[in-house]
Structures are given as structure tokens and as C-alpha cells.
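Counting starts at 1 for both ligands and their atoms, in listed order. Predicted, not measured: the structure shown is a model, and the values here were computed from it.
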Amino acid sequence: VQTIGVLTSGGDAPGMNAAIRAVVRQALAKGKKVKGIKKGYAGLLAEEIIDMDATSVSDTISRGGTILQTARCLEFKEAEVQAKGAEICRKHGIDGIVVIGGDGSFQGAQKLARLGINTIGVPGTIDLDIACTDYTIGFDTAVNTAMEAIDKVRDTSTSHERCSVIEVMGRGAGYIALWCGIANGSEEILLPEKYDHDEEAIIKRIIEGRKKGKEHYIIINAEGIGHSQELAEKIEKATGVETRATILGHMQRGGSPTCKDRVYASTMGAYAVDLLCEGKSNRVVAYKNGEFVDYDIEEALAMQKTIPEYLYSISKDLV
Ligand code: F6P
């Protein structure tokens, strides 16, 4: 490859800037040109493409969000739109692309690879819901942000002897909820992958907890289960325990990345460029069993992610 394009796609995640920076600097170190594609695949189609040099990424490693901005581009699922995307790459001399995003973004990357553009995916999502990798850019920061926020809610919940339903992000994936559930010592963790809809059982446990002298009752609820406000009202009505719902929302997606997110994102960005320079395409960078590795995109997309059973079981035992 001669010119490497880089884009971020899907929900932003802290550490994406570290990955972009690593792509730019590693590509330059290898004598390649770099172009930044703004706003994901939507920006590619709109030809929002900028030249990048070493200074384009100065002072960005500690910043949250993505300097290239991002978008969810449903249109890019259509074959003729993908062909247009590949054509635009060729027009701008882009013969390799690093796509930083989640599974949906990798599907687009796979299509571009088929159309002759060398593509490498880098896993970027706060949700940790990419099966081929044990690490995704942004999860560490997001889960730490959520954990700190939940600690604060817990303080006031204890003072008022309340029950708190705290909703964390994750429409389809309960990793943030599971990790916070353990890290915050919550009484209940509700995960989309495991939810049994037995709210009466939760109510029973709250009443029992109160009898045993529990001063608060923290329920961490994943966004995919939702209805946090209604659940809080139902609990208060059934138990007589004052209950509040707190939806943490997009604060979990922002903020300066943790050290881990900066270092892993930097490694993955550089690794993606190395793959392109070795003539590889249609690969996803992953962190598996303590090592940085890469997989064929098809193979990666076919993998199934499941909630680690041991973690889930201890989350219940440690209450
Ligand atoms: O994929 C990241 C994520 O933050 C999910 O946890 C959440 O369900 C979704 O994005 C929210 O998307 P949006 O920012 O488009 O509302």
C-alpha cells in the first residue's frame, strides 16, 4: 500500500484518538501517506477526506471522542453504495483503510476488501461486544467512568436508605453492567443476555434485604433491558422502599481514556498499519489470550460472544 486511509465508525469510544494517532504515525514511519476520512462511511461517501501528517494527531492521545468524528451509516449496507465507496477510495489514491469500530463497521470493511481496497478492522466500542477479541477500545475507560458514577449514587442511596436502579450503556451487551456489578458490589445485575423478567423475585429479595438491615439496594440495569424509571416505581410501590432511577447515558462514552485504552489502542493502530504494509487485507486486529493477533474478518464475524459464566456466577455469589 502507498496511501492509508483511516476512519472511525459507529459509536465513538475513548481511545479512538490514540488508535488514529498510532495509524498516522506508524504509517508515516513506514514511508506511507495518510488520509483521514471524516464521519465514518458517511464521510467517505461525501468525500470528507483530509491529508494527515504527524502534527494532525498532536495532542490527541489524551482526548476522548474521535477527532475524525463518526457516524452510523446504514446506507453502506447496499452493494451500489459500497461500490461507490471503493471508487472514492481509488479516486483519492487510498489503497488501504483502517476501520476503527464495531462489528457493523467491519462488515463494511469486508465489502471494501472484496472490492479491492485493502482493509483492516480495529475493534473500537465501549460495549466489549466483539467476539474475536477480549479487549475493545473504550471499554476500560467507560467501565471506570460508570464505576465511579455508581459509587457516587451509592453514597446518597445509603444515606437515604434507598434502592437505586442505575442504568448503564449496552443495548445488546451486558459487559459494562456485569463489570460494574462486580466492581460496585451491586445487589442485582440485569444483563440483556441473561434477563429472566422475574421482577417479583427482585422485589422479594429487596424486602428480605431490608429485613436483614441492608441500607441500600443497588440494581445495575443494562440499557438493553431499559424501563429503569418504571422498574423503580414498581419496586417502590411493592416494597415501600424509596427508589430512584439514574440513567448514566452518554457520559460513559466520553472522557480522557485510561492508560490501558491509550496503550492498547496505540498498539492496535500500529499493528493494523503493519498488516497493511505486509500486504494483508480483510483482517481484524484482536487481543486474545494475552496477545495481539489478527483474524480474517469473515471468521471474526462468525464468532459468538457469550457472557463469561464464571464472572456471572460470582457476581451473584458475592452479593
Ligand atoms: O455501541 C455503543 C453504545 O454506546 C451502546 O452501549 C448504546 O446502546 C449505543 O451505543 C447508543 O447509541 P447512540 O449514541 O446512537 O444513542
Chemist: Centroid-to-centroid, Phe139 to Tyr175, below 6.0 Å?
Modeler: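 No, the ring centres sit 6.0 Å or more apart.
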
Chemist: Polar contacts were defined as any N/O atom of the residue lying under 3.5 Å from an N/O atom of the ligand; does this apply to Gly170 and ligand 1?
Modeler: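 Yes, there is a polar N/O contact under 3.5 Å.
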
Chemist: How would you list all residue pairs meeting ring-ring contact (aromatic ring centres under 6.0 Å, His included) that involve residues 30-60, not counting sequence neighbours?
Modeler: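 Output for this query lists Tyr41-Phe76.
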
Chemist: Considering only the protein, which heavy-atom contact is closest to atom 11 (C) of ligand 1, and what is its distance?
Modeler: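 Checked against all protein heavy atoms, atom 11 (C) of ligand 1 sits closest to Arg253 NH1, 3.7 Å.
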
Chemist: What's the shortest distance from atom 6 (O) of ligand 1 to any protein heavy atom, and which residue and atom give it?
Modeler: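 Checking every protein heavy atom, the shortest distance to atom 6 (O) of ligand 1 gives Asp127 OD1, 2.6 Å.
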
Chemist: Look at the side chain of Thr145 and the backbone N and O of Gln252, then say whether any donor-acceptor pair between them is shorter than 3.5 Å.
Modeler: no

Chemist: Distance-only criterion, 3.5 Å: show the donor-acceptor pairs between side-chain atoms of residues 180-187 and protein atoms not counting sequence neighbours.
Modeler:
unit_1 : atom_1 : unit_2 : atom_2 : d
Asn184 : ND2    : Met147 : O      : 2.9
Asn184 : ND2    : Asp151 : OD1    : 3.0
Ser186 : OG     : Glu188 : O      : 3.0
Glu187 : OE1    : Ile218 : N      : 2.7
Glu187 : OE2    : Lys214 : NZ     : 3.1

Chemist: Could you pull out, from Arg171, His250, Met169, the option with a heavy atom nearest to atom 9 (C) of ligand 1?
Modeler: Arg171

Chemist: Taking the side chain as everything from C-beta on, heavy atoms only, tell me whether Ile94 gets closer than 4.5 Å to Ile37.
Modeler: yes

Chemist: Indicate, as side chain, backbone, both or neither, the part of Ile126 found under 4.0 angstrom from ligand 1 when only non-hydrogen atoms are considered.
Modeler: side chain

Chemist: Nearest heavy atom to atom 8 (O) of ligand 1 wins, so pick from Gln252, Glu223, Arg72.
Modeler: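 Closest candidate by heavy-atom distance is Glu223.
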
